[in-house]
Each structure stands twice: as structure tokens, then as C-alpha cells.
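Read through the structure below, which is laid out as C-alpha cells, and then see the notes.
Counting starts at 1 for both ligands and their atoms, following the listed order.
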Amino acid sequence: MMSKIGVLAVQGAFIEHEHMLRSLGADTVEIREAKDLAGIDGIVLPGGESTVQGKLLRSLGMFEKIRDMIRSGLPALGTCAGLILLSQGAVNDPSEYLGTLPVKVRRNAYGRQSGSFETRGKLVGEPFTMTFIRAPYIESVGEGVHVLARVDGKIVAAQYGHQLGLAFHPELGTDPRVHEMFLSWCG
Ligand code: GLN
């Protein structure tokens with residue numbers, strides 16, 4: 001059976017995730033309201049603006065629902081703002097996020113002007129082109145979190161069980177390995 005992946009589509013860069021997932025044979029559904037969450041095998045939280053996304057999730061009545069589904073085992077992939085949403089909060093922002101991924105992040109960690117760049121890093125030891133757009137990085141990780149990538153010593157990718165949080169944007173490139181890893185958890 002084809003996996004049905006929910007892509008949060010309230011704000012931000014969700015189309016690119018859909019294209020990548022579909023190119024790998026998954027079915028996608030845009031999550032715009034709580035009823036769209038029914039029957040999904042995994043969820044993608046895209047880049048965009050984490051404060052806006054968090055507010056929209058609350059006002060649309062999806063915040064607790066998504067949090068509970070991930071806690072109960074729904075695989076989740078969060079990129080950039082999506083990583084912030086999964087996190088236990090940012091050291092430089094008082095907002096409360098889902099907190100299912102036990103990491104603390106720093107928002108807009110690379111400065112506002114020169115905050116966008118591409119670099120050839122290593123993801124789980126393998127070369128990977130990483131695109132950063134006003135990205136956060138991970139300041140600290142809790143127990144059981146696996147660090148998958150660092151750039152200049154800062155953590156930019158982490159895995160905790162069935163959750164994957166990335167500071168960069170694998171959906172903007174052509175390298176499918178991140179989405180393949182995520183889909184392998186989605187049944
Ligand atoms: N700067 C955004 C935030 O803090 C994240 C940027 C992105 O998702 N590309 O929410």
C-alpha cells in the first residue's frame with residue numbers, strides 16, 4: 001500500500017515536499033484543517049515562519065491533535081520552521097512549540113542578512129548539499145536524540161525515534177535520501 005503523507009499546508013514551503021514525496025511514490029494530502037489529519041501515515045512540517053505556523057495550528061484546532069499523533073508514533077519530518085515547531089522551544093524566543101522532539105533550537109541563528117547559504121555537509125557521514133534559509137540550528141539535544149549532521153560544529157539535523165528535524169531544506173534539492181529515510185518509517 002502506498003503511504004499517505006500529510007504535508008502541513010497552512011503556511012510556508014510545502015509544495016516542494018509534496019513533489020519530492022510523490023516522486024518517491026508516496027501519496028500526499030495537504031493538511032489545512034483538523035479533519036485532513038485522518039488516516040495519514042506520516043506528517044511533514046515544512047519551512048516558513050514558525051511563529052505564524054504555531055499560531056495557525058492553535059487557531060485551527062490542530063496543535064494538540066498533531067502533538068498527540070506524533071507522541072503516539074506518527075512519523076514526522078520537520079524542516080527549518082518545521083524543526084522549530086517540533087522542538088521544545090527556542091533559546092531566543094518564548095513561544096511554546098509541540099515539544100515532541102527533545103531539542104532546543106536557536107531561531108534565525110545565522111543572522112538576518114547573510115542568513116541564507118548552501119553548503120556541502122555530511123549527513124550520517126555521507127556528503128549532502130544543504131540549503132539554509134534564515135535557518136535555526138539545534139543548541140542542545142535531550143537523551144535519546146541522534147545527531148545526524150553538524151555544520152561548523154553546530155547541530156543541523158537530529159533524529160529521535162520516528163522524528164527527523166533538519167535546519168536545512170532537503171526538499172529544495174534533488175537528493176531524495178532524507179525523504180526516503182522518512183518514508184521508510186511511514187509503513
Ligand atoms: N526563520 C524562520 C523561523 O524562525 C525559519 C525559516 C525557514 O523555515 N526557512 O521560523
- Message: Please determine whether a side-chain nitrogen of the Lys or Arg among R107 and E49 lies less than 4.0 Å from a carboxylate oxygen of the Asp or Glu.
- Response: yes
- Message: Minimum heavy-atom separation for W185 and Q159, please, with both atom names.
- Response: CZ2-NE2, 3.5 Å
- Message: I want to know if ligand 1 touches I84 in the polar sense, i.e. an N/O pair below 3.5 angstrom.
- Response: no
- Task: Give the single entry among G48, G12, G47 that approaches atom 5 (C) of ligand 1 most closely by any heavy atom.
- Result: G48
- Mutual orientation of the aromatic rings belonging to F117 and Y110 [parallel < 30°, tilted 30-60°, perpendicular > 60°]: perpendicular
- Query: Would Q53 count as a contact of ligand 1 if the rule is a heavy atom under 4.0 Å away?
  - Reply: no
- With only distance considered, is H169 within less than 3.5 Å of ligand 1 through an N or O on each side? yes
- Query: Can you list the atoms of ligand 1 that are under 4.0 Å from a heavy atom of S50?
  - Reply: 3 (C), 4 (O), 10 (O)
- Query: Can you find an N/O atom of T51 closer than 3.5 Å to an N/O atom of ligand 1?
  - Reply: no
- Indicate yes or no: at least one non-hydrogen side-chain atom of L85 is less than 4.5 angstrom from one of L57. yes
- Task: Specify the protein heavy atom at minimum distance from atom 4 (O) of ligand 1: its residue, its atom name, and the distance to 0.1 Å.
- Result: R107 NE, 2.7 Å
- Which of the atoms in ligand 1, numbered in the order shown and given with their element, are less than 4.0 Å from a heavy-atom of N108? 1 (N), 4 (O)
- Message: Any carboxylate oxygen within less than 4.0 angstrom of a Lys/Arg side-chain nitrogen, looking at K104 and E139?
- Response: no
- Note on the structure: For E49, the ligand 1 atoms with a heavy-atom partner under 4.0 Å come out as 10 (O)
- Query: Would you say the side chain of R120 lies within less than 4.5 Å of the side chain of P127, judging by non-hydrogen atoms?
  - Reply: yes
- Would a 4.5 Å heavy-atom cut-off, applied to side chains only, mark L77 and I5 as touching? no
- Query: Which is closest to atom 6 (C) of ligand 1 in terms of heavy atoms, C80, A13, A81?
  - Reply: C80
